[in-house]
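Computed from heavy atoms alone, side chains included, the values below leave out hydrogens, waters and symmetry copies.
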Amino acid sequence: MEEQFILRVPPSVAERIERLLNEAPSSSEDKSLDLIFSEDGRTGTFAIGDDRFSASLLDLPTVVESYKTYDDNVLIKTSDIGQMIMVKEEDDGVPEAVEYRHGLTPPMRDARRRRFRREPDLNVNVDFMLAQPDVVRRVEKDLQNIMAGGTAENIDILSLF
């Protein structure tokens, strides 16, 4: 599989990139395109011609699959994309978070909060288990019995039929 990422740029920069790719190299005033990351690997600079823009490498909330085709009939999966390089204008702020909150399309807006289960609060579960040491001992004993080839004690088996 190939390694791919999403490059999200402002509309004015997108027009310049399109012009750079479509026109002959000698006719375009934007002759160079460069992306340089700092040592942290998450922030950097995107340069097109003489203009520089701030760039950030962000993790997407979900994995996006990319496909290509050679005959317009058969699709071949080329990559799972999990990161996006976000290029911002100079006056826009650089995102502080490592993960981009929203997906690539409007239905995936605030995807982590709306579509995925919240992480459990482990401190509450630990406090509950510490408050009931007899439950912990009984579960440990049952697990050891099961691992030794036996069965758990005091279990009611309900018939589904």
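The same ILVMFWY cluster, assembled from side-chain heavy atoms under 4.5 Å apart, contains both F46 and L20. V98 and L57 are assigned to two separate hydrophobic clusters, defined by single-linkage of ILVMFWY side chains at heavy-atom distances under 4.5 Å. Cluster annotation: I17 is not connected to I36 through the hydrophobic network of ILVMFWY side chains, with a link wherever side-chain heavy atoms come within less than 4.5 Å. Tracing side-chain contacts under 4.5 Å through hydrophobic residues (I, L, V, M, F, W, Y), one never reaches L58 starting from M108; they form parts of separate clusters.
If you take CG on L35 and OG1 on T45, they are separated by 8.5 Å, rounding to the nearest 0.5 Å. The distance from atom CG of L60 to atom CG of D80, rounded to the nearest 0.5 Å, is 11.5 Å. Atom-to-atom distance recorded for I76:CD1 and K68:NZ is 7.0 Å, nearest 0.5 angstrom. In this structure, OG1 on T62 lies 11.0 Å from CD1 on I81, to the nearest 0.5 angstrom.
Side chains of L7 and M86 form no contact here, defined as non-hydrogen atoms less than 4.5 Å apart. A heavy-atom distance below 4.5 Å is found between the side chains of Q4 and T78. Residues V87 and R8 fail the side-chain proximity criterion, which asks for heavy atoms closer than 4.5 Å. Taking 4.5 Å as the limit, every side-chain heavy atom of I6 sits out of range of all side-chain heavy atoms of V64.
Within 6.0 Å of the CD atom in E65, the count of heavy atoms belonging to other residues, nucleotides or ligands exceeds 12.
With 3.5 Å as the limit, one finds no donor-acceptor pair spanning the side chains of E3 and S79. No hydrogens or angles considered: a donor-acceptor pair under 3.5 Å links the side chains of D40 and S38. A side-chain donor-acceptor contact under 3.5 Å links E89 and S12. Side-chain atoms of T43 and S56 form no donor-acceptor pair, as typed in the model, at a separation below 3.5 Å.
Residues K88 and F53 approach most closely at O-CB, 3.4 Å, considering heavy atoms. Considering all non-hydrogen atoms of both residues, F37 and I85 come closest at CZ-CD1, 3.8 Å. Smallest separation of non-hydrogen atoms from M84 and L104: SD-CD2, 4.1 Å.
By the 4.5 Å side-chain criterion applied to Ile, Leu, Val, Met, Phe, Trp and Tyr, L75 is assigned to a cluster that also includes Y67.
Without hydrogens or angle criteria, D71 side chain to V74 main chain gives a donor-acceptor distance under 3.5 Å.
The pair D59-R42 counts as a salt bridge, with a side-chain nitrogen and a carboxylate oxygen less than 4.0 angstrom apart.
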